[in-house]
Amino acid sequence: MDLQKHLFLIGFMGVGKTSTSRELGRKLDAEEVDTDAMIVEQEQRSIPEIFEQSGEAYFRQMETGTLDKLAGMKPCIVACGGGMAMREENVEKMKQIGTVVFLTATPETIYEHVKDSTNRPLLNGNMNIPYIRKLMEERHPKYKAAADVEITTDGCTPAEVADKIIQAV
Ligand code: S3P
């Protein structure tokens with residue numbers, strides 16, 4: 001299917017943006033990209049390496065840069081890094097070129113998804129439900145403000161989440 005504009009998936013780390021994006025790509029026969037993967041490919045470094053060697057601010061600049069690249073690309077499904085909607089500039093850019101879908105889950109669900117990962121610098125050393133809940137609450141207003149559509153994912157497979165999105169947009 002030819003999308004009219006990009007479909008951005010935003011939401012907290014581990015909510016399933018990448019796996020849902022893959023399912024959406026399959027179901028809609030559309031291209032899908034992942035902003036974290038774009039950055040890793042461009043930098044030839046892992047996300048923990050980028051954070052450690054160049055700092056979070058550098059990573060955030062790269063993240064904004066992915067949106068500028070996407071503006072010149074054919075519409076596709078975009079799994080965003082969990083911090084993408086934190087910058088107002090990014091939200092404006094996403095809204096100009098796409099529809100923004102906010103995926104939500106409880107801190108308990110998120111914890112189950114991320115607990116064995118070491119690839120998320122913001123959670124290394126903070127891998128517990130209270131920390132996840134706190135960060136999620138801090139971020140929630142920004143996700144909400146960015147969202148055109150909000151989809152709850154608890155108890156759903158990525159394929160089911162993809163179906164909910166297709167119905168909603
Ligand atoms: C981040 C989320 C990560 C990645 C980086 C920072 C965040 O992406 O971009 O570790 O600030 O929420 P995922 O949401 O895909 O884990």
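These numbers were taken from a predicted model, which means no experiment stands behind them. Atoms within each ligand, like the ligands themselves, are counted from 1 in listed order.
Polar contact with ligand 1: absent for Phe51 (N/O pair, distance under 3.5 Å).
Among all non-hydrogen protein atoms, the one lying nearest atom 10 (O) of ligand 1 is Pro121 CD, 3.5 Å. Of the protein's non-hydrogen atoms, Asp36 OD2, 3.6 Å is the one closest to atom 3 (C) of ligand 1. Ranking the protein heavy atoms by distance from atom 16 (O) of ligand 1 puts Arg120 NE, 2.6 Å first. From the protein, the heavy atom lying nearest to atom 14 (O) of ligand 1 is Lys17 NZ, 2.7 Å. Remark: minimum distance from atom 7 (C) of ligand 1 to any protein heavy atom is reached at Gly83 N, 3.3 Å.
Ring pair Phe51/Phe59 is tilted by interplanar angle, where 30° to 60° counts as tilted.
The atoms of ligand 1 that sit less than 4.0 Å from any heavy atom of Phe59 are 9 (O). Against a heavy-atom cut-off of under 4.0 Å, Leu122 is close to the following atoms of ligand 1: 7 (C), 11 (O). Within the listing of ligand 1, atoms 10 (O) sit less than 4.0 angstrom from a heavy atom of Ile47.
Between Lys27 and Asp163, at least one side-chain N (NZ, or NE/NH1/NH2) sits under 4.0 Å from a carboxylate O, which counts as a salt bridge. Salt-bridge check for Arg26 with Glu32: failed, with every basic side-chain N at 4.0 Å or more from each acidic carboxylate O.
No donor-acceptor pair under 3.5 Å is formed between the side chain of Arg60 and the backbone N or O of Arg87. Using modelled atom types, no side-chain atom of Glu43 and backbone atom of Val40 make a donor-acceptor pair closer than 3.5 Å. Proximity of a side-chain donor or acceptor of Asp154 to a complementary backbone N or O of Thr106 within less than 3.5 Å is detected.
Between His140 and Phe102, the ring centre distance stays below 6.0 Å.
Within a 6.0 Å sphere centred on NZ of Lys142, heavy atoms belonging to other residues, nucleotides or ligands number 12 at most.
One option in Arg60, Met62, Arg139, Met86 has a heavy atom closer to atom 6 (C) of ligand 1 than any other, and that option is Arg60.
For Asp34, no heavy-atom contact with ligand 1 is shorter than 4.0 Å.
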